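Please read these numbers as outputs of a predicted model, since none were measured by experiment. Proteins come first, then strands; the chains are lettered A, B, ... in the order of their sequence lines, and each starts at number 1. Hydrogens, waters and symmetry mates are skipped; everything else that's a heavy atom, side chains included, is used.
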Amino acid sequence: MVAVVEARALTRDYNVAGGFLSANRVVRAVKGISFTLEAGKTLAIVGESGSGKSTLARILTLIDRQSSGELRLNGEPIDIGKAPVTKALRRKVQMVFQNPYGSLNPRQKIGDVLMEPLLLNTDLPAQERRDRAMDMLVKVGLEPQHFERYPHMFSGGQRQRIAIARAIIMRPALLVLDEPVSALDLSVQAQILNLLADLQDEFGLTYIFISHDLSVVRYIADEVMVMYLGEAVEQASRDRIFANPEHPYTQALFQATPKASISAIRARLAARSGHANVTG
Amino acid sequence: YAKQLVYCSEGSPEGFDPALWSAGTTFDASSRAVMNRLVDFELGGSTIVPSLAESWTISEDGTEITFNLRKGVKWQTTAYFTPTREFNADDVVWSINRQFDPASPWANYVDGASYQYFDSTGFKAALKSVEKIDDYTVKFVFNQADSTVFVNFPMDFLSIGSAEYATQLEAAGNMAQFNQLPVGTGKFQFVDYQTDTVIRYKSNPDHFGGASPINDLIFAITKEPAAAQEALKAGQCDVIPYPIPGDVAGLRQDPNLVVTETAGENVGFIAFNTQQKPFDNPKVRQALNLAVNREAILEGVYAGQAVLARNPLPASSWASDPSNEVPAYDPEAAKALLAEAGVSDLSMKLWWMPVARPYNPNGKRMGELLQADWASIGVKVELVSMDWPVYLEQSASVERDGAVMIGWGADNADPDNFLGVLLSCAAVGTNNRAQWCYEPYDTLIKKAKATFDQAERTEIYHEAQKVFHEQTPWVLLAHSNQYIAHNKRVVNFKQDPLGYHRFDGADVTE
Amino acid sequence: MLRYFLYRLALLIPTFIGVTIVAFFFIRILPGDPVQVLAGERGVSPERHAEVLARLGFDRPLWEQYFSYLWNVLRGDFGISFASKRPVAQEFFSRFPATVELALCAMIIATALGIPAGILAAVKRGTWIDQATMGTALVGYSMPIFWWGMLLIILFSGILHWTPVSGRIALNYFFPSVTGFMLIDSLLSGQKGAFLSALHYLVLPTVVLATIPLAVIARQTRSAMLEVLGEDYVRTARAKGLQPRRIIGIHALRNAMIPVITTIGLQVGLLMAGAILTETIFSWPGIGKWMIEAVNKRDYFVVQSGLLLIALIIMAVNLIVDVLYAVINPRIRHQ
Amino acid sequence: MSAPVAETAPRKSGSMSGLRETWFYFSQNRGAVAGLVIMSLLVLIAIFSPWIAPHDPARIYNGSFLVPPVWQEGGDARFVFGTDAIGRDILSRLMHGARYSMLIGAVVVSISLVGGIVLGLIAGYFRGWVDALIMRIMDIILAFPSLLLALVLVTVLGPGLFNAMLAIALVLQPHFARLTRAAVIAEYSREYVTSAKVAGAGHLRLMFVTILPNCVAPLIVQATLSFSSAILDAAALGFLGLGAQPPAPEWGTMLADAREFILRAWWVITIPGLAILVTVLAINLIGDGLRDALDPKLKRS
Amino acid sequence: MALLEIKNLTVSFDTSVGLFHAVKGIDLSLDRGDVLAIVGESGSGKSVAMLSVMGLLPRTAKVSADVMRFDGTDLRELSAHDRRRIVGKDMAMIFQEPMTSLNPCFTIGFQIEEVLRFHLNLDRSARRKRAIELLTQVGIADPESRLRSFPHQMSGGQNQRVMIAMAIACSPKLLIADEPTTALDVTIQKQILDLLMKLQADTGMGLIMITHNIGVVAETADRVVVQYKGRKMEEAGVLELFEAPKSPYTRALLAALPENATGDRLPVITAFDPETAAVR
Ligand SMILES: Nc1ncnc2c1ncn2[C@@H]1O[C@H](COP(=O)(O)OP(=O)(O)OP(=O)(O)O)[C@@H](O)[C@H]1O
Ligand SMILES: Nc1ncnc2c1ncn2[C@@H]1O[C@H](COP(=O)(O)OP(=O)(O)OP(=O)(O)O)[C@@H](O)[C@H]1O
Ligand SMILES: [Mg+2]
Ligand SMILES: [Mg+2]
């Protein structure tokens, strides 16, 4: 089975303009990331703010160019700095963003949002585009009458559904999801996670799922990569990582994640009353 | 108690060396207040009277003029100059030669400035030499006999400056000061100038005609006429020049004010380009002339404060022909004339003056009135204008289109200053904005210039005016009256017919 | 901080060069022959025409003229006024204090009244006080000031005779010009009543010139205040139990001043435009009126260098505003 | 990082379309509606002035110079607002003058809007040296006092209404460019732009289809305010003698012509000035109303 | 006597589309030393309820309650002046966004000392001393030089510590923390929560913790209030709530937690009628 994505030592430098008289600084936001991801699988990337998750996502979705390293999609090496992104290539990778309120053009009707990728990347006739978009709309759990509405008429969860619909309407080989549920309430989060699972089953999608919420990661991922300061400090299957985190940072992350298990609550309450006794 | 007179002048002087400049405002502030000439106009008139020269003689052949200078005239002592000697022939020779002799260190002493009057009046071309006979005698020699030369002597560019002061400045390497801090022999001596705001003078105690009764003379520069009028009413100004014509009646009613008026030594007119079709045809010019409703212009533009012009020179001039009439207003006759000339659907440009001048207080309004008048005989008028310096430059060009609104104020009392300067063939391309070179007329003008007898000249000029009317190179408009408004406490102030503002004799009461 | 200042200064270099190019080429394409204009109403002979042309350097190639102009400007030589034949810089700086005095007073009035008015309106949002203040501000903002000036003259000078019509001080006061600022010079002179008289002459033009900046500042202050009052840190301040006076006067105001300072800075350019009209109406002997006259008179070097000098001053003021902005805004100060 | 965003979608405003919503908030603002009514009236007057004006604006009534308005002693029923210095009906001139003001506003705003949008869009979209170049040029224009620059420009181009409009458009244009640029930069980093990029949109589509429509709100407000600035600036140029040429009854020019009557015939000064003030005020009221209606921040609270 | 007692609190907003009820009849009561968590999805009126207690709602808000008493003072009748004596001193609040909740124009020191001056009338040197003490207490290194720092010179976690220092400056009896860690990384969240719990234990103040993170509830609270669409769904001890949630809403909420996921799809909260789901 050929890997959908293959990354070899990807790095990304940002030139941060220094002040006047001081030289430009180079910030290396992603430092030599390598991984391979097979079709139909989900790779979760966790890490705290500024660890380079989004930067990596932008490279993988061909928005930004890597500073060095090699990226292969379906075995094909890709460097958007050398050759412009072709339509065919564009169709292979899509993305869903964290903020459901910012990722939809407020002046674009939902129908147009969904049809835009088709318009730009395929030669389908208008009616066909419309039909495909309508299908997709229903598939993500919205209704046909929503087609002519504007984004601001939808709730966050609905918007995230639209964003997902737009991303998968091209049947991409790879879908990069940058914290797609972080902004959502628990109940809505569950719906979206379910939807993603449904779609993966139906279309055999490959996901790269970025998150900082370990419970979500544990639920959805096959593989997990932990990023810290631009580096992948640990990379393993979900079960291995959750069972036995090796890197100290991973351990710290697990340690810090609040646990909602009853045993944990019991333990805390016990400690608390003991503590209260001591001080009181 | 120092007597102070405040004159709200209409603008800032260009500088204080009158020979360099051409604006009346500058002359008021420099030559008329601070300096004297060999001869001067009498106060409140245009008769030439002795000044720094006590007497003069003109040679038989008319080519030499010898001046006998006044003795004991003191130069003003100021903060910046203390004279060591009195006025004498050296000063006269220096004052002329600095303009005449291109080798003089003073020939270009202010960068970019030139002695424009000396050149443009033809004085330079006429003059052969100026010689000091002795300390108090100076002789001017001219190239040929010319009856219009002598009238230049009371003009501002022939003001007499101190050669000693000039030498001092030259030695100090500060010649520019000559244009900034003037020294003269006049009634008033310069004290201070704050740019665009105020010029202060004080009485010259040593003036040969006796010190002025006013101790301090102040020019408060007030460019907005309405503001000047308000200041006059409020007592902040004692004298204002150029009140708005329409407000004259109102000012007259103010019991605290006195408004004086003189017939203006000026003429406002519209000059066709007579070298251009169809204005080369006198009939077309006459037709347009007949279609002008002069009464409306008199009221709308001059606010009634003018005299409609009968001749191209002021009615007060001795050469003016009183038998000519103000052209009639007859649109019907105008149409007929146009038809006769075979001109139909005429559309033309009319240049309107962007500035107010004594001879035409509002070019735009006049343009609008003329546009309407000429429209009524089927002539379409496009009104054009441009900034004043460019207007002056381009309207003088022979290629210029259509008719141009312009006028002239007298430099001196000689009729040639109008009839020759504005209408002779020599002035085509410059002051002759009608570009009108008409042989019969030009011959007459030349003849008059070489004639010294006034009666004879008058006759020749009358004839020339007849020719002018036949040919109508201009639409004659008006001689606007000149007004001065002053506070009643100002006494003995005499309005100058040539448009100067002189405070020689003026006094103020408590 | 110094580094920031130098950085802003460096940014001005291309603008400065652009400004000199604009000033230079504008004048070259003005219709009319400079020498004819220079000669005045009496004309000039062809020989002299050529001579003057050469002396002014107008016969050389354009780029050569430009570089010699730039070089001269850098040496502080701005050319000679055609009208007065005096150095332009000298002419400029003899009038500049009058404009600065007027503009500064206008700005002080505009700021001193505009900021409190804006704060009041923001605090009393929606009440009649807000509506009245902002209504007035909008009228002021919409005012054609040349007309406004004339109306005030009609009323205060023409009818009520409260204020003088033009001039800078009553003529019975006479003292040497030390700073060029009449208010300061009158104080220095020690003459009794001189300062009051100078103030008296300054009132009406100042009010006219201040009208628009006042309105703009009041409006800007209000909207900045409203915005800031909705910020989290204002809520924090309220959660600390501070008095409204302190919250508004210290916490909100300091932040609201950041955009207001910029607005005030931007007003300087507008103020110069306003000064042109105000000085024309009041015959105020400043650079606005001087420039208008220079344009009308085609005083080439005055227009050219006047434009340049005015632009330089505006750039300098903007630089100061930028720096001030940084002083108020610690984010920039500490970058 | 997660940031819970307030759930606004199901609220009532969700059922209103953008335009209707804007109108709703706009119509709540009494001042803005008043401005709109006045403005509509002015536009109607401008359009129909040849039919509704009582007189030909250029017609000179000899013998009726400086007639005061009807309600004043000496007034003439034919001339409601009186006549000017050469007997032209002021009311008719004002009505025809409205055409000039509307024309000036429309032309100036169109030119500067289009120019500013294109420049600002290019600068904000491409950034880098293009941005620096464009913005430095804007800085240069802004370094001069607008009126002075317009004045010199008109002198260069020659006086006349069209040249005046061009000059004013040029000096107003940097404001549009800056505003567009700022809005574009802000929008460019929004995720929907990246989404469109990922969807395969090219530069032109991103610039004009994706980003530009989201920048229109501040531009509309600025356009409205520039409309009034244009009228004021044109009037100021007219006042300085560089605007419309005679006998065009442009308001600023009328004022300039009337200057000498400041102490004698108040109506020739007061009435055209009032016309300018009312027009500008009306437009500014509309501008304020639009700003409030288009600004989501103010809407919410 | 309860430290804070609220009965039938209702808050409505006058909006352009009519009256909007954000809080509908909530009862609350809290004793000294208690840690109460309020959970609920976004927009359920958690913040509004607590802001009404603090008196920080905008003027468009209408607040009514049968009882609203803090430490024996009736908050409903309080004049603005008297309220200011309590707010910030006995009753303090910290907010979600530490970066924007501090005034960017003033130093940390200024902002902390301001509270001390206003409420405790300490003199300059005493204020300084106390400020340093407070910064030490919240675990900021090098407090003396930090006093001169501006908020933007510090990280989000540090700013939140400063916020806490400011809130506890006058040893309040009640501290309301409105999602104090939502904007922070999990590792930082852990530190902040630990800090808050330690301070609470040390001072014995009442603590109300608003959050939508069930994990945080489990790690901090003694008692929990679940809120939905402006209504209280249920109130229970933390253990009780996790072990045996009474309200169907709470049950659904807990089920939607990915860590509680049993099958390969998450149970989804369907629309509840807040009236019937509430448990009194
Ligand atoms: N355009 C840019 N220019 C300079 N530096 C950048 C740029 N974008 C990101 N960075 C820096 O790169 C690093 C990684 O940023 P990135 O957005 O990838 O982090 P992240 O892991 O997605 O964080 P978060 O969880 O906050 O979204 C950060 O230090 C950030 O400041
Ligand atoms: N000033 C206001 N005007 C009108 N409505 C408001 C105002 N403040 C809050 N609301 C509304 O009140 C409801 C409750 O808001 P609140 O901020 O209490 O929610 P929350 O439970 O704190 O949610 P979150 O988790 O997002 O902070 C929301 O629907 C909100 O839109
Ligand atoms: Mg990210
Ligand atoms: Mg909240």
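Taking every heavy atom of both residues into account, Ala218(E) and Ala260(A) meet most closely at CB-CA, 3.7 Å. Contact record, Pro258(A) with Glu259(E): O-OE2, 4.5 Å, taken as the closest heavy-atom pair. Of all non-hydrogen atoms in Val216(A) and Pro258(E), the two that sit nearest each other are CG2-CG, 4.0 Å. Minimum heavy-atom separation, Ala221(E) to Leu269(A): O-CD2, 4.2 Å.
Highest contact tally toward chain A, considering only Lys190(E), Met197(E), Arg265(E), is held by Arg265(E) [criterion: heavy-atom pairs under 4.5 Å].
To the nearest 0.5 angstrom, Ile192(A) atom CD1 is 11.5 Å from Leu266(E) atom CG.
For Ala197(A), the parts sitting under 4.5 Å from any heavy atom of chain E are the backbone and the side chain alike. Only the side chain of Leu193(A) comes within contact range of chain E, with heavy atoms under 4.5 Å apart. Heavy-atom distances place the side chain of Gln189(E), and not its backbone, under 4.5 Å from chain A. For Asp198(A), the parts lying under 4.5 angstrom from a heavy atom of chain E are both the backbone and the side chain. In this structure, the portion of Arg268(A) lying under 4.5 Å from any heavy atom of chain E is its side chain and not its backbone.
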For this session: Assess whether side-chain contact (heavy atoms from CB on, under 4.5 Å) is satisfied between Arg266(A) and Leu239(E), documenting all intermediate values.
Result: CA-CA 7 Å; Arg266(A) 279 229 172 80; Leu239(E) 204 53; 3.7 Å; yes
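Considering only residues two or more places apart in sequence or on other chains, Phe242(E) meets the ring pair (Phe, Tyr, Trp, His ring centres under 6.0 Å) condition with none of them.
In this structure, Lys31(A) places its NZ atom where more than 12 heavy-atom neighbours from other residues, nucleotides or ligands lie under 6.0 Å away.
Of all residues spanning residues 232-243 of chain A, none has a heavy atom less than 4.5 Å away from chain E's heavy atoms.
Tested against Leu186(A) for a side-chain contact (heavy atoms from CB on, under 4.5 Å), the candidates Ile214(E), Leu254(E), Asn213(E) yield a single pass: Ile214(E).
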